[in-house]
Amino acid sequence: MKCLQVKKMWKAGLMSVMLAFAFGPSGVKADDVIKLSFATYYPGTAAWADLDIAYMHAIEKATNGRVVFDPINWKGLFGAKELQGAAADQAVDVIWSSSSYTPSVNKLRVLLLGGPFLSTTVASQSQCMNYMYETWEPARADFHDNGVVVLYIRPGPEMMFMFNAPITGPEDMVGKKFRSVGEVIGNGLDNMGAVPVLVEAFDIEQQMRAGNIDGAVEMGGMAAVNQVANLGEGAQLVNPGIGPYGAGHMLMSKKTWDELPADIQKIFNDFRFKWTNVAIQERYADFGVMMKTVEEQGLDYLEFTKEQSAQLFDMMKMTEELNNLTAKFDAEGIPASEALARHTACAEIIDRVNPTPANGASDIHMSHVLGLSKGEPYEFNAAELSTNPLGL
């Protein structure tokens with residue numbers, strides 16, 4: 001019960017922070033209201049759904065009631081693989097989706113889902129994708145050509161592994177059936193002698209209980225802790241130390257987008273960076289709650305040493321996999337090499353400005369990122385950060 005109370009108190013505070021972005025009373029005539037349908041592959045009761053619900057409320061208030069999500073408390077109406085196609089066909093207006101389930105269409109995003117091995121903070125992983133989408137046509141085409149527009153990209157938490165039985169290091173993963181996400185990580189697991197299996201997020205616990213999989217690549221934070229706690233005795237949570245998980249994104253049907261008034265489009269565009277920064281702060285806070293819960297509940301938790309993390313990287317042959325996928329996409333006419341170079345250059349800046357993920361949501365650091373989004377040159381101002389390192 002203590003865990004649930006802590007979680008509820010923290011979420012109440014988080015919702016207040018998120019809704020600070022909202023403004024203005026609603027006084028809109030019914031005929032002027034734009035109703036948007038929403039669907040995803042998980043129910044609105046999921047722990048991580050709070051961020052999406054708060055986003056929709058904030059958009060409603062930011063537009064003074066001209067935009068309404070109907071209904072805001074959704075049901076998982078589509079399978080994960082079908083979601084993006086449903087939005088492209090305008091069967092639904094807005095979706096929460098992940099490119100890990102659409103590898104054949106979002107190829108640049110799939111490449112950059114190697115996120116744990118490409119970025120060191122949750123801030124750079126998500127904001128660099130926002131930046132590339134804003135400033136580089138191929139990144140936009142990765143979505144627009146598939147009938148959707150990016151509303152915001154949520155940063156992933158530190159990637160965690162879950163196991164039915166405890167391990168002591170990467171070598172114990174050999175031979176285990178493992179839920180994977182994304183082509184890069186799936187190939188990496190295969191390289192190290194594990195058996196990658198594509199299992200949707202909400203099926204992980206059931207498949208582990210049934211013994212169909214031995215472990216899972218999973219998002220971190222309370223979502224991972226809750227699953228380990230539910231699995232009970234013998235279950236283990238492992239922090240492999242490989243960086244942030246490549247999370248998904250809020251997308252809108254391009255047909256719906258093209259029908260929106262220009263001022264409403266501007267509000268959505270402004271929120272792309274603002275809400276990602278809210279999400280950065282949420283991810284950082286969630287990690288702290290996760291660690292406190294691990295301690296309070298006495299869960300089996302293993303954190304790989306730096307040497308073990310390096311061993312995992314080598315066993316998965318991640319450099320080789322990233323190079324192979326990049327070459328494959330380049331040969332298909334997809335500018336994967338340039339995408340990686342742009343992402344790396346952006347991450348260098350963001351990671352330098354954000355020595356801890358919490359800084360990604362501060363006013364000072366957000367202004368730097370917003371400047372990047374407009375294509376402005378950026379100079380690292382060490383003096384500014386030394387006098388106010390947290391942007392308070």
Side-chain angles (χ1 to χ4, degrees), residues 39-42 52 78-119 124-156 159 180-188 196 198-201 217 219 244-257 268 272 276 279 321-322 324-344 346-347:
T40 186
Y41 51 87
Y42 55 80
D52 305 330
F78 292 88
K81 298 173 186 176
E82 289 74 42
L83 267 171
Q84 189 160 300
D89 293 338
Q90 215 173 9
V92 63
D93 297 310
V94 178
I95 61 169
W96 179 261
S97 184
S98 171
S99 295
S100 63
Y101 298 116
T102 54
S104 62
V105 293
N106 295 122
K107 295 191 175 181
L108 284 182
R109 182 71 171 123
V110 168
L111 174 70
L112 296 174
L113 269 176
F117 307 99
L118 296 174
S119 303
S124 62
Q125 184 197 59
S126 51
Q127 289 295 26
C128 287
M129 280 303 302
N130 275 338
Y131 175 50
M132 290 171 66
Y133 179 81
E134 193 89 5
T135 60
W136 193 43
E137 176 56 32
R140 290 193 293 277
D142 201 44
F143 293 96
H144 293 188
D145 288 354
N146 292 293
V148 290
V149 171
V150 173
L151 297 183
Y152 86 93
I153 293 173
R154 185 195 295 176
M159 180 176 276
S180 68
V181 57
E183 184 172 347
V184 173
I185 294 174
N187 288 349
L198 181 61
V199 172
E200 294 188 10
V217 169
M219 65 180 65
Y245 172 93
H249 30 244
M250 189 80 83
L251 304 175
M252 179 181 283
S253 165
K254 193 168 186 306
K255 292 178 182 177
T256 300
W257 176 266
F268 275 111
R272 184 178 302 119
T276 294
E321 283 303 326
L322 285 168
N324 287 344
L325 191 57
T326 301
K328 172 186 168 184
F329 286 169
D330 281 341
E332 295 175 9
I334 300 165
S337 292
E338 185 176 355
L340 279 175
R342 286 172 175 267
H343 189 282
T344 301
C346 176

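- By the side-chain contact (heavy atoms from CB on, under 4.5 Å) test, D89 pairs with no residue at all, sequence neighbours left out.
- Here the OG1-CG distance, from T256 to L251, works out to 12.0 Å after rounding to the nearest 0.5 Å.
- Considering all non-hydrogen atoms of both residues, R109 and G248 come closest at NH2-O, 4.1 Å.
- The shortest distance between side-chain heavy atoms of I185 and M159 falls below 4.5 Å.
- Atoms CZ and CD, from R140 and E134 in turn, are 8.0 Å apart once rounded to the nearest 0.5 Å.
- When all heavy atoms are compared, the tightest approach of S97 to L83 is OG-CB, 4.4 Å.
- Across all non-hydrogen atoms, the minimal contact from L108 to A339 is CD2-CB, 3.7 Å.
- A88 meets the side-chain contact (heavy atoms from CB on, under 4.5 Å) test with no other residue; sequence neighbours excluded.
- Of the listed residues (I95, V94, I153), just one forms a side chain to side chain contact (heavy atoms under 4.5 Å, CB included) with M250, and that residue is V94.
- The two residues C346 and Y131 come nearest to each other via the heavy atoms SG-CD2, 3.7 Å.
- Side-chain contact check for L340 versus F329: every heavy-atom pair is 4.5 Å or farther apart.
- Listed by first then second residue, pairs satisfying salt bridge (charged side-chain N to carboxylate O under 4.0 Å, His left out) with a partner in residues 330-341 read K107-E332, E338-R342, not counting sequence neighbours.
- In this structure the side chain of T276 never reaches within 4.5 angstrom of the side chain of M129, judged on heavy atoms.
- Ring geometry for Y133 against F143 counts as perpendicular: the plane angle is over 60°, on a 0 to 90° scale with 30° as the lower cut.
- Contact record, R154 with S126: C-CB, 4.2 Å, taken as the closest heavy-atom pair.
- The side chain to side chain donor-acceptor pair (under 3.5 Å) test applied to S253 returns no partner, not counting sequence neighbours.
- Legend: residues meeting salt bridge (charged side-chain N to carboxylate O under 4.0 Å, His left out) with K255, ordered by chain and number and at least two apart, are absent.
- Here the closest non-hydrogen pair linking P138 and P335 is CB-CG, 3.8 Å.
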Donor-acceptor pairs under 3.5 Å, side chain of residues 145-152 to any protein atom, not counting sequence neighbours: which ones?
| from | atom 1 | to | atom 2 | distance (Å) |
| --- | --- | --- | --- | --- |
| N146 | ND2 | V105 | O | 3.3 |
| N146 | ND2 | D142 | O | 2.9 |
| Y152 | OH | D52 | OD1 | 3.1 |

